[in-house]
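One-based numbering, in listed order, for ligands and for the atoms of each.
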Amino acid sequence: MNLLNCDAMNFFHNKNILLGVTGGIAAYKSVTLVRRLKDQGANVQVIMTESAQEFVTALTFQAISGNPVHTSLLDPQAEAAMGHIELARWADAIVIAPATANSMARLAGGEAGDLLTAVCLASKAPVALAPAMNQAMWSNQATQKNLQILKSRNIEIFGPAAGQQACGDVGEGRMLEAEEMTEKLASLFKQKTLSGIRVMLTAGPTREAIDPVRYISNHSSGKMGYAIAHAALEAGASVELVSGPCSLEVSERIQLSRVESAAQMLAAVQRNINEIDIFIAVAAVADYRPRAIEGQKIKKHADTITLELVKNPDILAMVASLQNRPFCVGFAAETENLEQYAKQKLESKQLDMIVANRVDKSDSGFNSDYNSATVFSANSTTEFEKSTKTRLATELIGLIASHYINDEKITEQHE
Ligand code: C5P
C-alpha cells in the first residue's frame, strides 16, 4: 500500500471505533466526529460518562452513530447486549473526546470505576485522548504529570489546540476540530511501514565557539528535522535524534542526544551508527569552525581581527562511507541551481537520496513552518508542493520508507 495515495477512507473502512465522551463543553464537537467517521466507513459505538450527558444527550449520539449509547458499567440490560469486556474486544481503536482533566487523572490512576475507564483498562486496542479543558487546568502540574504517565503508556494525545476558550480564557486546552481528529485517528490505522527499523537523524544548527561567549552558527530552526523524526516514529521506527541547539518539543519515545558543535554531533552519531538502518542528515552543520577557541572573551581593541577557520568533518559523508553503511538520506538547502547542486551532492557523498529545498524564499525554508522539496535518488525525481513541515515530513518518510524497502528487496534477491 502506498502511504501517499491513501485517503482517510481506506483507513476507516469497517474499523470499529469506540468513542468515549466525557463531561466537557467540547462534547458537541464529537457529534461531528462521529458523523465524519461514519461517512468514511467506520462502525462507531459511543460510551458517555454521567457528566457528558449534561452537555449532549445520549439520543444525539445514538442517532448519529446508529448504535445504542453505553452509559453504565452495571446496567444489566446493557451488559446483556454488549458488556464492558465485549466492548473492549470489539474496539479497533478507542478515542476519548473530549477528555477532561478528571478523566485523564482517572485513566492515569488506572481506575475502573465506570464503564469508560473499565473498557480502557480491559482493551488492547490503541487509545487516543483529545484533551479539552480550561488553560489553567491544562497547564497545572497535576494534569501535566498525568499526561506524561498516559504518554508513557503509549496513549496517543491529540491536541489540545490553543485559542479562545468557552470560559472566556485564551490559551491551550481547546479540543481539536473533527476534521483534524479524523486525520490523526487515521494515523492509528496506517500501516506501520518502518516498524522494527532503526532511524537516526541529525537536526538543527551547530554552534562553533569563537571564545567563551561567542559562536558561529546559522538560521536553522530544527523544525524540519524534528518533524521528520516524529513522522518516522509514527511510521513505527525506533528513532534517535542528534540535535544541535534548538528549543523544540520532542516525544519521550525519541532517544534525544543534545549537542552544540559539529565535532560533538559527529561523536554522538558515531556512538550508535552501527545499529542504524536509515540515517537522515537534516542538520545544518557549520561547514567551518574557528581553528582555536580563545580561552577568554576577545576584547574589542583592534579595528579589525582575523578569524582563521578550518573545515568541519562531513558527518553524512563519513556515515555514507562506512563499510556497513545505513540507507543514507541527505538534505541540500540551496539558494540557486537547486537541481544541479543537489545531484552533485547525491553523487559526491554517495547518498541513496537527497532532499533539495530552496532557502531563499521568505515564506518557506529555514525558519518557517512551511517547506517544499524535490527529492532525487539515482533514478527518480519526486516533487513535493509547499505544505506544512509536518505534512511534508510524513510524505518524505513515506518516500524514504518505500525506497529503503525496495533497496532491501533488491539486496535480498542478490544474496
Ligand atoms: O555539503 P552540504 O553541507 O551542503 O551538505 C548538506 C548535507 O550534508 C545535509 O544533509 C547535512 O546535514 C549534511 N552535512 C553533514 N556534515 C557536515 C556538513 C553537511 O552531515 N559537516
Side-chain angles (χ1 to χ4, degrees), residues 199-209 215-229 231-232 239-246 248 257-273 276 278-291 309-322 325-360 365-367 371-378 384 389 392-393 396-397 399-400 403-404:
V199 175
M200 183 191 276
L201 302 100
T202 63
T206 64
R207 280 181 189 168
E208 310 300 332
Y215 55 79
I216 299 172
S217 191
N218 57 62
H219 290 299
S220 167
S221 63
K223 285 178 186 166
M224 195 67 231
Y226 275 57
I228 296 175
V239 180
E240 182 173 347
L241 176 61
V242 180
S243 173
C246 50
L248 298 170
S257 304
R258 289 193 189 279
V259 297
E260 294 240 329
S261 65
Q264 288 170 358
M265 188 171 272
L266 175 66
V269 166
Q270 279 173 325
R271 253 195 309 273
N272 293 329
I273 196 66
I276 295 300
I278 301 177
F279 180 69
I280 311 175
V282 199
V285 183
D287 291 324
Y288 294 90
R289 67 178 185 281
R291 178 177 289 283
L309 302 176
V310 293
K311 212 167 190 179
N312 264 331
D314 192 316
I315 302 167
L316 177 57
M318 181 286 292
V319 172
S321 69
L322 291 173
R325 57 175 256 162
F327 185 90
C328 288
V329 183
F331 269 68
E334 304 292 347
T335 53
E336 57 178 351
N337 302 335
L338 189 70
E339 178 165 352
Q340 185 199 342
Y341 288 153
K343 283 184 169 168
Q344 272 169 10
K345 275 175 205 171
L346 181 74
E347 234 180 85
S348 66
K349 300 198 192 205
Q350 301 205 45
L351 308 178
D352 297 288
M353 292 173 84
I354 191 147
V355 182
N357 63 308
R358 293 187 72 103
V359 286
D360 58 341
F366 259 6
N367 238 321
N371 215 350
S372 57
T374 310
V375 183
F376 301 99
S377 72
F384 292 104
K389 286 185 173 172
L392 179 63
L396 285 175
I397 279 296
L399 186 71
I400 292 168
H403 275 250
Y404 169 74

Backbone of A262 reached by a side-chain donor or acceptor of E208 within 3.5 Å: yes
Partner residues of F327 under the ring pair (Phe, Tyr, Trp, His ring centres under 6.0 Å) criterion, sequence neighbours left out: Y404
Between the main-chain N or O of A320 and the side-chain N or O of R325, is there a donor-acceptor pair closer than 3.5 Å? yes
For the backbone of G204 and the side chain of S243, can you confirm whether one donor and one acceptor N or O come within less than 3.5 Å of each other? no
Just the distances, no angles: every ligand 1 N or O to protein N or O pair closer than 3.5 Å, one line each.
from: ligand 1; atom 1: 1 (O); to: K349; atom 2: NZ; distance (Å): 2.9
from: ligand 1; atom 1: 4 (O); to: K345; atom 2: NZ; distance (Å): 2.4
from: ligand 1; atom 1: 5 (O); to: K349; atom 2: NZ; distance (Å): 2.9
from: ligand 1; atom 1: 8 (O); to: K349; atom 2: NZ; distance (Å): 3.0
from: ligand 1; atom 1: 10 (O); to: A281; atom 2: O; distance (Å): 2.6
from: ligand 1; atom 1: 10 (O); to: F331; atom 2: N; distance (Å): 2.8
from: ligand 1; atom 1: 10 (O); to: F331; atom 2: O; distance (Å): 3.4
from: ligand 1; atom 1: 12 (O); to: A281; atom 2: O; distance (Å): 3.3
from: ligand 1; atom 1: 12 (O); to: A283; atom 2: O; distance (Å): 2.6
from: ligand 1; atom 1: 16 (N); to: I315; atom 2: N; distance (Å): 3.0
from: ligand 1; atom 1: 20 (O); to: L316; atom 2: N; distance (Å): 2.9
from: ligand 1; atom 1: 21 (N); to: P313; atom 2: O; distance (Å): 2.8

Hey, is the main chain of E260 close enough, under 3.5 Å, to the side chain of T206 for a donor-acceptor pair? no
Indicate yes or no for a side-chain donor-acceptor contact from N218 to the backbone of A284 under 3.5 Å, with no hydrogens or angles considered. yes
